[in-house]
J.: 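The structure under discussion is supplied below as structure tokens; questions concerning it will follow.
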Amino acid sequence: MVGEAQSRPPAGLDPAGHAASWYAATAIACPAFPPLAGEVKADVCILGGGYTGLSAALHLAEAGFDVVVLEASRVGSGASGRNGGQLHSGQRHGQDVIEKAVGLDDAKKLWDLAEEGKALVHGLIARHGMACDLKSGLIHADHKPHFVKESHDYARLLRERYGYDAVDPLTREEIRALVGTDAYHGGVIDRKAGHLHPLNFALSLAKAVAGAGARIFEGTRAVGVKEEGAGVTVTTAGGAVVRAGFLLECGNGLMDGLDRRVDTHVMPICNYIIATEPLGARAREIIANDAAVADSRFVINYFRLSGDGRLLFGGGESYRRGLRTDVAGFVRPYMLRIFPQLQDVRIDYAWGGVLAITLNRMPFVRRLSDKVLVSAGYSGQGVALAPLFGKILAEAVKGQLERFDLLQRLPVPPFPGGRLMRYPLLVAGLSYYAMRDRL
């Protein structure tokens, strides 16, 4: 079909309670978990059934803790089940930026953590037989000529200072041979990064958590937290109550309004993805080696091929409250700027949802009190980091604080203007950087 692409309705949820995405259409079977009723007690209560919360629950349950997970909708229905599926190396910022923020010693430790994060994802997939289409290769594509030298210099830094030799520089001709567009001037390819089916990873993780003995309650939104005595009481929208010794706040951007200590540092934004019709033989003309791609724009374009040969393309962010209704109409122009040859291609799926950012894009991992810990604000790097950070939250509950304290040392300033003014001030700042992308 030529011209405006037809799309399935992007708004709302599919019958299973997930965003009406290609991921949901190809999701593995996962039993529904009941909503919480009445009052229950546990050693640890976890808010959020995404990668962080489920990983924390799995590691705690396997260590013998009595764990309750509260998920407001369905497990994997947040950013964990509808993201770009890209498994990056390192933290959200480059190691040169991390070194300036925390010093070389901590920067090396944080690099090692991120490498462990990728290994943990691979290990979970292998140990639990997860069918989530894990593939290797991730290309960083530079959209401005002067960025290429920076990317090549960074690859050299990783090799010489961190012993990481899996990042290879790409010239304009080399990246053009891999990605079917003239939009990029060079970049690098990380052979040990990759991509996967994010919802199937989340659903598989939930089944592993249930198998380990943790209790998961879906359709159960936490609306109040009260610290008292030796524990924490969590109240829910349906009137049910959890009393626990520890609370782990792992709801990322979907916790907004629950805890002001988090809201001042973590802000929800919306991002959007489309999936084309299957491209057939044209798929390898778009990405020759089946790697994922993320470019150098401040508002990043990120894309990859699905297992059935569709282009999954994420582009554009929304800082206003509420999701856009015409997701296909919003994202499709971003795709066509990179791949004008796909003008005739139909859009079969279009979806969006909330993720969370921090002001400086560092993850917000903190001990809010003796009983309450939080990990949120992955700013687009959650596939690799969130499962590991869930594991580190579990370590902190067990009294093993070295790695948790390392993450606490990452500086994460509050948003200017407080909770009420963070949106308009951030929109003004981000609009400036988005304009720079176009120059």
Side-chain angles (χ1 to χ4, degrees), residues 13-19 24 27-82 128 199-228 231-259 262 353-354 371-376 386-387 390-391 393-394 397:
L13 303 177
D14 77 339
H18 296 99
I28 62 171
C30 181
F33 299 99
L36 179 64
E39 178 178 316
V40 299
K41 294 182 179 180
D43 297 326
V44 184
C45 178
I46 298 174
L47 305 184
Y51 299 150
T52 309
L54 292 172
S55 178
L58 178 63
H59 288 94
L60 285 167
E62 290 179 338
F65 285 79
D66 182 16
V67 180
V68 164
V69 178
L70 303 184
E71 166 54 49
S73 181
R74 294 293 310 278
V75 292
S77 60
S80 293
R82 48 176 164 68
H128 296 283
L199 178 56
N200 282 347
F201 180 55
L203 296 176
S204 298
L205 196 52
K207 292 199 289 186
V209 168
R215 292 172 285 171
I216 300 174
F217 297 99
E218 295 180 317
T220 304
R221 180 177 297 278
V223 295
V225 174
K226 184 178 181 180
E227 301 177 40
E228 52 188 358
V232 180
T233 299
V234 179
T235 55
T236 70
V241 174
V242 179
R243 302 189 191 279
F246 287 91
L247 175 67
L248 305 183
E249 296 185 359
C250 303
N252 207 30
L254 296 174
M255 293 191 302
D256 197 44
L258 181 67
D259 193 325
V262 179
V354 174
K371 309 176 187 70
V372 182
L373 310 178
V374 62
S375 181
K391 178 182 178 181
L393 289 179
V397 169

J.: What are the two closest non-hydrogen atoms of P35 and G219, and how far apart are they?
T.: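 Heavy-atom minimum between the residues: CB-O, 4.1 Å.
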J.: Taking C-beta and beyond as the side chain, do D259 and V374 meet within less than 4.5 Å on heavy atoms?
T.: no
J.: Check whether any side-chain heavy atom of C45 sits under 4.5 Å from a side-chain heavy atom of V232, and report yes or no.
T.: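 A side-chain contact under 4.5 Å is absent here.
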J.: Where the side chain of S80 meets the backbone of Y51, is there a donor-acceptor pair that is under 3.5 Å apart?
T.: yes
J.: Measuring from atom NZ of K41 to atom OG1 of T233, what distance do you get when rounded to the nearest 0.5 angstrom?
T.: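 Reported value, rounded in 0.5 Å steps: 10.0 Å.
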J.: Please give me the minimum heavy-atom distance between A32 and R74, naming the atom from each residue.
T.: CA-NH2, 3.7 Å
J.: Quick check for you: to the nearest 0.5 Å, what is the distance between T236 atom OG1 and E39 atom CD?
T.: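 It comes to 11.0 Å.
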J.: With a 3.5 Å distance limit and no angle check, can you tell me whether S204 reaches the backbone of N200 through a side-chain donor-acceptor pair?
T.: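 Judged by distance alone, yes, a pair lies under 3.5 Å.
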J.: Let me see the working for L247 and V242 under side chain to side chain contact (heavy atoms under 4.5 Å, CB included), right down to the final yes or no.
T.: CA-CA 10 Å; L247 175 67; V242 179; over 6 Å; no
J.: Looking only at heavy atoms, what is the nearest atom pair of L205 and S55, with distance?
T.: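 Answer, listing the atom of L205 first, then S55: CD2-N, 4.1 Å.
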J.: Could you tell me if the side chain of L60 sits less than 4.5 Å from the side chain of L248, heavy atoms only?
T.: yes
J.: Do E228 and K371 sit within salt-bridge range, that is, some charged N less than 4.0 Å from a carboxylate O?
T.: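 Looking at E228 and K371, the cut-off is not met.
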J.: Is the shortest side-chain heavy-atom distance between L203 and V75 below 4.5 Å?
T.: yes
J.: Indicate the atoms forming the closest heavy-atom contact of E218 with S73, along with that distance.
T.: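 Scanning both residues, the minimum pair turns out to be CB-O, 3.2 Å.
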J.: Is there a side-chain contact between L258 and L47 (heavy atoms, below 4.5 Å)?
T.: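 Yes, at least one pair of side-chain atoms sits under 4.5 Å.
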J.: Quick one: NZ on K391 to OG1 on T52, what's the gap to the nearest 0.5 Å?
T.: 14.5 Å
J.: Should L70 and L36 count as side-chain neighbours, where that means a heavy-atom distance under 4.5 Å?
T.: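 Yes. Closest side-chain heavy atoms under 4.5 Å.
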J.: Can you find a heavy atom in the side chain of R82 that is under 4.5 Å from one in the side chain of V354?
T.: yes
J.: What is the minimum heavy-atom distance between F65 and V44, and which atoms define it?
T.: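 Minimum heavy-atom separation between F65 and V44: CD2-CG2, 4.2 Å.
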J.: Please give me the minimum heavy-atom distance between L199 and A27, naming the atom from each residue.
T.: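 Of all heavy-atom pairs spanning L199 and A27, the closest is CD2-CB, 3.9 Å.
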J.: Taking only residues two or more places apart in sequence or in another chain, which ones pass side chain to side chain contact (heavy atoms under 4.5 Å, CB included) with A208?
T.: L58, H128
J.: In Å and rounded to the nearest 0.5 Å, what is the CD to CG distance from E71 to L254?
T.: 8.0 Å
J.: Please test R215 against D66 for side chain to side chain contact (heavy atoms under 4.5 Å, CB included), starting from the C-alpha separation and ending with a verdict.
T.: CA-CA 8 Å; R215 292 172 285 171; D66 182 16; 3.1 Å; yes
